[in-house]
Protein chains: 2
Amino acid sequence: MRASVPITVSGLKTACSQCNLVELCLPFGMSGSELSRLDELVGARRKVKRQHSLYRAGDTFEAIYAIRAGSFKTDVLLEDGREQVTGFQMTGEILGLDGISTEAHSCNAIALEDSEVCVIAYDKLEQMSHEIEGLQLQFHKVMSREIVRDHGVMMLLGSMRAEERLAAFLLNMSQRFNARGFSPQDFNLRMTREEIGSYLGLKLETVSRAFSRFQEDGLISVQQKHVQLLDPAGLKKLIQHQQGVR
Amino acid sequence: MRASVPITVSGLKTACSQCNLVELCLPFGMSGSELSRLDELVGARRKVKRQHSLYRAGDTFEAIYAIRAGSFKTDVLLEDGREQVTGFQMTGEILGLDGISTEAHSCNAIALEDSEVCVIAYDKLEQMSHEIEGLQLQFHKVMSREIVRDHGVMMLLGSMRAEERLAAFLLNMSQRFNARGFSPQDFNLRMTREEIGSYLGLKLETVSRAFSRFQEDGLISVQQKHVQLLDPAGLKKLIQHQQGVR
DNA sequence: TTTTTAGGTTGACGTGGGTCAACGGGGCTG
DNA sequence: CAGCCCCGTTGACCCACGTCAACCTAAAAA
């Protein structure tokens, strides 16, 4: 984990109206005329190198970010050094919503690979939400979706066994790769076993063993970060039929 | 768990401007003139009896709810019957935000005691947010706070031991009772050991044992649902210094 | 190219908390 | 006011996952 020093703000403005991520991102469902007004909203783009942070817990909140390229993790740290990864974010997803409530970020957002985000100044967003009908609704939906997602993670952490958690994680990644036009059966994870473990409330060894088990059972094929889902239905069954421990 | 049949919509409108929960609720921080406009927003009140649900997963989303009296739990159910309690809500807190994203609720909201909520029609809220500056910001803060809270729960579930989880839970309850003008050291829980367990990712026996352990150690005094925090600092220490298992 | 190092796998073993079971007490309900 | 039932407590046992350690692999650094 390195400091959050090197920030590149590229002057290049790129219009939402011309971005191929529209239907995954904040502008989803907005009309053409609304869309073109949105272009004013996105101020600049910012590149974040692998392992560097987009923002850190405690930073004053000024903007939210739409991921244009790459991927991130968000995490929370306890005083004693324990880390909890609270989410992994992919292109089109929005980062920074945690900062609105106290006007300071409450978690760290760290790039898993060299990435680029669109910076959306929050005061401008507020203002423009008053004017553009669809923007407000869409923004609320994005926040609400985050809440629903978090409930799903709580379900994972609170009432599933190790293998169920990993199966759910893999299916979720698969579905998100698919939504982005990549193969849902064949993808490269961007995070380490330790990060997956932290997210799933497991130790990295347990994650590794679960991967191996799935491979033995013919459900997947893994080699390092490269994963192929050979039997997605089998993974789904695992979640539904396996008895919970808790 | 009973069906969600009996709904009482009392015709009595009560103004936000005269409610003693303002500083805990949606109107927090709004000006006097804004506040009086808010009164139009809150349509009716609705009573929900103990064990009955305010809404269920799958119900179409129409409104959010501010708790005027009583308390609730929200939970998510898996096909195989496993339950995960995702939160406990007290007076002034907002329920139903999960419904915005898909226009259907994704969890169940169940009253822990006979309760009453203010019904806030979502379309009206959307509309009024365009007009009242402070309302939009405040609503965003409420949603953001929910996201931050969920991250805290993920931290609990993912990287704390049983006793740490319960200590954190008790301190959180204490702080919320305090914010409502009740004693932070002496309160009655409204939920069962099983519900606490589900929320904390533990079995009810483990919760019970942790309660007993805390009592032996002189940290608290428990009798059934009645809890007294004898040594809140000791509970805090437990969270910070105890080694994590995961 | 070789060296280094972070990330991943696997085995042996320990333990926190789950499981099962018995029992006690308080508050509805008739 | 009696009986029931839900809730909570406690003990004995066990297992899923954590811990510790050795080793392997791949990619970055030199």
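Below, chain A is the first sequence line, B the second, and so on; all start at residue 1.
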Q.
Please report the end-to-end axis angle for the helix from C:dT1-D:dA30 to C:dG30-D:dC1, five pairs per end, rounded to 10 degrees.
A. 50°
Q.
For B:Thr102, give me all partners under side-chain contact (heavy atoms from CB on, under 4.5 Å), at least two apart in sequence or on another chain.
A. B:Ala104
Q: Would you kindly give the CG-to-P distance between A:Leu166 and C:dT9, to the nearest whole Å?
A: 11 Å
Q. Would you say B:Ser144's side chain and A:Leu97's backbone share a donor-acceptor pair under 3.5 angstrom?
A. yes
(Q) In whole Å, I'd like the distance from the CG atom of A:Asn188 to the C1' atom of C:dG7. (A) 15 Å
Q | B:Ser71 and B:Glu113 side chains, donor-acceptor separation under 3.5 Å | A | yes
Q: Take the protein atom NZ of A:Lys203 and the nucleotide atom C1' of C:dT10, then report the distance between them rounded to whole Å.
A: 17 Å
(Q) According to salt bridge (charged side-chain N to carboxylate O under 4.0 Å, His left out), who are the partners of B:Asp186, at least two apart in sequence or on a separate chain? (A) none
(Q) Just the rounded figure in Å: distance from P of D:dA27 to NE2 of A:His226. (A) 13 Å
Q.
From CZ of B:Arg165 over to P of C:dG16, roughly how many Å is that when rounded to an integer?
A. 14 Å
Q) Which pairs with one or both residues in residues 209-230 of chain A pass salt bridge (Lys or Arg N to Asp or Glu O under 4.0 Å), sequence neighbours excluded? A) A:Glu163-A:Arg213, A:Arg213-A:Asp217
Q | Atom-to-atom span, CZ of A:Arg82 to C1' of D:dG18 - whole angstrom | A | 14 Å
Q: State which residues pass salt bridge (charged side-chain N to carboxylate O under 4.0 Å, His left out) with B:Asp114; sequence neighbours excluded, sorted by chain then number.
A: B:Lys49
Q: Could you list the residues that satisfy salt bridge (charged side-chain N to carboxylate O under 4.0 Å, His left out) with A:Glu146, not counting sequence neighbours?
A: A:Arg149
Contact list (N/O, under 3.5 angstrom) for nucleotides 28-30 of chain C vs protein:
none

Q.
Taking ring pair (Phe, Tyr, Trp, His ring centres under 6.0 Å) as the cut-off, I'd like each qualifying pair that reaches into residues 188-236 of chain B, sequence neighbours left out, listed once.
A. B:Phe88-B:Tyr199
**Q.** Spacing of A:Lys49 atom NZ relative to D:dA28 atom P, expressed in whole Å
**A.** 13 Å
Contacts table for residues 60-67 of chain A: side-chain donor-acceptor under 3.5 angstrom, sequence neighbours left out:
none

Q. Taking protein heavy atoms under 4.0 Å as touching, what does nucleotides 7-13 of chain D look like 5' to 3' if B marks base contact, S marks sugar-phosphate-only contact and - marks none?
A. SSBBBB-
**Q.** side-chain hydrogen bond (donor to acceptor under 3.5 Å, both in side chains) against A:Ser198, all qualifying residues, sequence neighbours excluded
**A.** none
Q) Given atom CG of B:Leu157 and atom P of D:dC17, what is their separation to the nearest angstrom? A) 15 Å
Q: Could you pull out all residues at least two apart from B:Arg180 that satisfy salt bridge (charged side-chain N to carboxylate O under 4.0 Å, His left out)?
A: B:Glu93
